[in-house]
Amino acid sequence: MLIYYLQMLDTPEEKVRFEQIYLKYRSLMYHVANSVLHNCQDAEDAVHNAFLRIIRKFSRFQNTSAEDLAPQIVVIARNEAISLLRKRKGEAPLEDQDGLVEPSESISDYHALVDSFAQLPQTYRAVMEMKLLLGYSDGEIAAKLGLTKTAVSTRISRGRQLLRDIVEREGFLLDA
């Protein structure tokens with residue numbers, strides 16, 4: 001696939017830079033997408049779509065160090081996975097290998113929760129994804145995003161409250 005992506009770029013510098021990003025982040029992107037989709041093939045599709053999005057907006061990634069790209073790339077992979085999940089939302093779930101089907105109520109609850117999370121403003125969603133999905137500490141998030149620990153903590157707190165508000169407004173209440 002790397003050769004396919006490289007053919008879409010113009011300059012040798014872009015190709016070298018993209019190859020660095022691809023090699024460094026493809027497994028992380030797959031892990032993020034698979035954690036949303038719980039399906040290997042769908043996760044691969046989401047990662048492919050994420051790389052295509054990165055190529056379309058490649059000028060934004062050229063001057064940023066590879067280490068500082070992690071939060072942006074994780075968000076792109078997660079958003080592509082959520083988009084794929086939304087597109088397939090109307091499809092009936094298939095039986096798993098044991099012949100068991102997940103109860104439809106829990107599937108719809110999961111989709112509703114994913115949709116609710118996707119409604120968060122990008123400012124809060126990115127910080128919460130880094131905290132909840134990637135397990136970064138507030139200090140690590142602050143360093144990667146160029147914020148103070150207090151700002152990160154505030155965004156997480158406000159993001160959680162916004163998520164609660166969205167969930168309540170949508171009529172999707174958690175028992176926990």
Side-chain angles (χ1 to χ4, degrees), residues 1-89 91 93-94 96-98 102 107 110-111 113-147 149 152 155-156 159 163:
M1 285 305 287
L2 179 59
I3 293 172
Y4 171 76
Y5 298 131
L6 292 176
Q7 291 175 349
M8 299 171 123
L9 298 166
D10 297 326
T11 67
E13 294 81 19
E14 288 177 335
K15 292 178 182 187
V16 167
R17 177 71 172 143
F18 182 83
E19 185 174 2
Q20 292 170 343
I21 293 169
Y22 178 85
L23 294 174
K24 183 169 180 100
Y25 292 112
R26 69 180 172 193
S27 61
L28 174 62
M29 293 169 72
Y30 175 81
H31 174 74
V32 168
N34 197 35
S35 71
V36 172
L37 297 165
H38 306 291
N39 180 305
C40 297
Q41 293 168 332
D42 289 347
E44 290 173 5
D45 290 345
V47 170
H48 172 70
N49 293 342
F51 277 124
L52 292 177
R53 184 187 290 182
I54 290 169
I55 288 171
R56 281 192 301 270
K57 308 282 186 182
F58 197 67
S59 61
R60 295 181 185 176
F61 298 94
Q62 284 184 305
N63 297 325
T64 308
S65 71
E67 290 75 29
D68 294 336
L69 287 176
Q72 297 173 42
I73 288 178
V74 165
V75 169
I76 291 170
R78 180 144 179 94
N79 288 346
E80 287 298 328
I82 290 169
S83 294
L84 190 59
L85 193 62
R86 284 182 177 165
K87 287 178 188 174
R88 298 200 171 145
K89 189 175 184 178
E91 296 180 3
L94 300 175
D96 62 8
Q97 300 223 353
D98 297 330
E102 196 169 331
I107 291 172
Y110 174 76
H111 291 305
L113 185 58
V114 169
D115 289 344
S116 298
F117 195 85
Q119 291 177 34
L120 287 173
Q122 181 64 28
T123 305
Y124 301 114
R125 187 172 63 223
V127 172
M128 290 183 65
E129 285 174 347
M130 292 175 73
K131 178 77 170 184
L132 302 173
L133 178 66
L134 299 174
Y136 287 154
S137 70
D138 290 1
E140 292 170 322
I141 296 170
K144 293 199 179 287
L145 297 180
L147 302 169
K149 283 178 69 173
V152 169
R155 286 185 184 185
I156 290 170
L163 185 58

The side-chain contact (heavy atoms from CB on, under 4.5 Å) partner of Val32 among Ile73, Val75, Val74 is Val74
Side chain to side chain contact (heavy atoms under 4.5 Å, CB included) between Gln20 and Leu69: does it pass, once the steps are laid out? CA-CA 11 Å; Gln20 292 170 343; Leu69 287 176; over 6 Å; no
Given Glu80, which partner from the list Asn49, Leu37, Leu52 fulfils the side-chain contact (heavy atoms from CB on, under 4.5 Å) test? Asn49
Would you call the rings of Phe51 and Phe18 parallel, tilted or perpendicular, where under 30° means parallel and over 60° means perpendicular? perpendicular
If you take all heavy atoms of Ala77 and Ala50, which pair is closest and at what distance? CA-CB, 4.0 Å
Run the side chain to side chain contact (heavy atoms under 4.5 Å, CB included) check on Tyr5 and His48 step by step: do they pass? CA-CA 9 Å; Tyr5 298 131; His48 172 70; 2.7 Å; yes
Kindly indicate, with the supporting measurements, whether the criterion side chain to side chain contact (heavy atoms under 4.5 Å, CB included) is fulfilled by Lys149 and Ser137. CA-CA 9 Å; Lys149 283 178 69 173; Ser137 70; over 6 Å; no
Supply the atom-to-atom distance Arg155 CZ to Asp138 CG, rounded to the nearest 0.5 angstrom. 12.0 Å
Is any side-chain heavy atom of Gln122 closer than 4.5 Å to one of Asn79? yes
Is the shortest side-chain heavy-atom distance between Ile156 and Val152 below 4.5 Å? yes
Testing Leu6, Leu9, Ile55 one by one against Glu14 for a side-chain contact (heavy atoms from CB on, under 4.5 Å), which residue passes? Leu9
Of the non-hydrogen atoms in Leu120 and Arg125, which two are nearest, and what is the gap between them? O-NH1, 3.2 Å
Spacing of Asp10 atom CG and Phe58 atom CZ [to the nearest 0.5 Å]: 10.5 Å
Does the side chain to side chain contact (heavy atoms under 4.5 Å, CB included) test come out yes or no for Leu145 and Tyr136, once each step is laid out? CA-CA 12 Å; Leu145 297 180; Tyr136 287 154; over 6 Å; no
Test side chain to side chain contact (heavy atoms under 4.5 Å, CB included) applied to Asn34 - qualifying residues, sequence neighbours left out: Tyr30, Ala43
Kindly give the heavy-atom pair with the smallest separation between Val127 and Thr123, and that separation in Å. CG2-O, 3.5 Å
Could you tell me the separation between the CD atom of Glu44 and the CD atom of Gln41, rounded to the nearest 0.5 Å? 7.0 Å
CD-NZ distance between Gln72 and Lys57, expressed to the nearest 0.5 angstrom: 13.0 Å
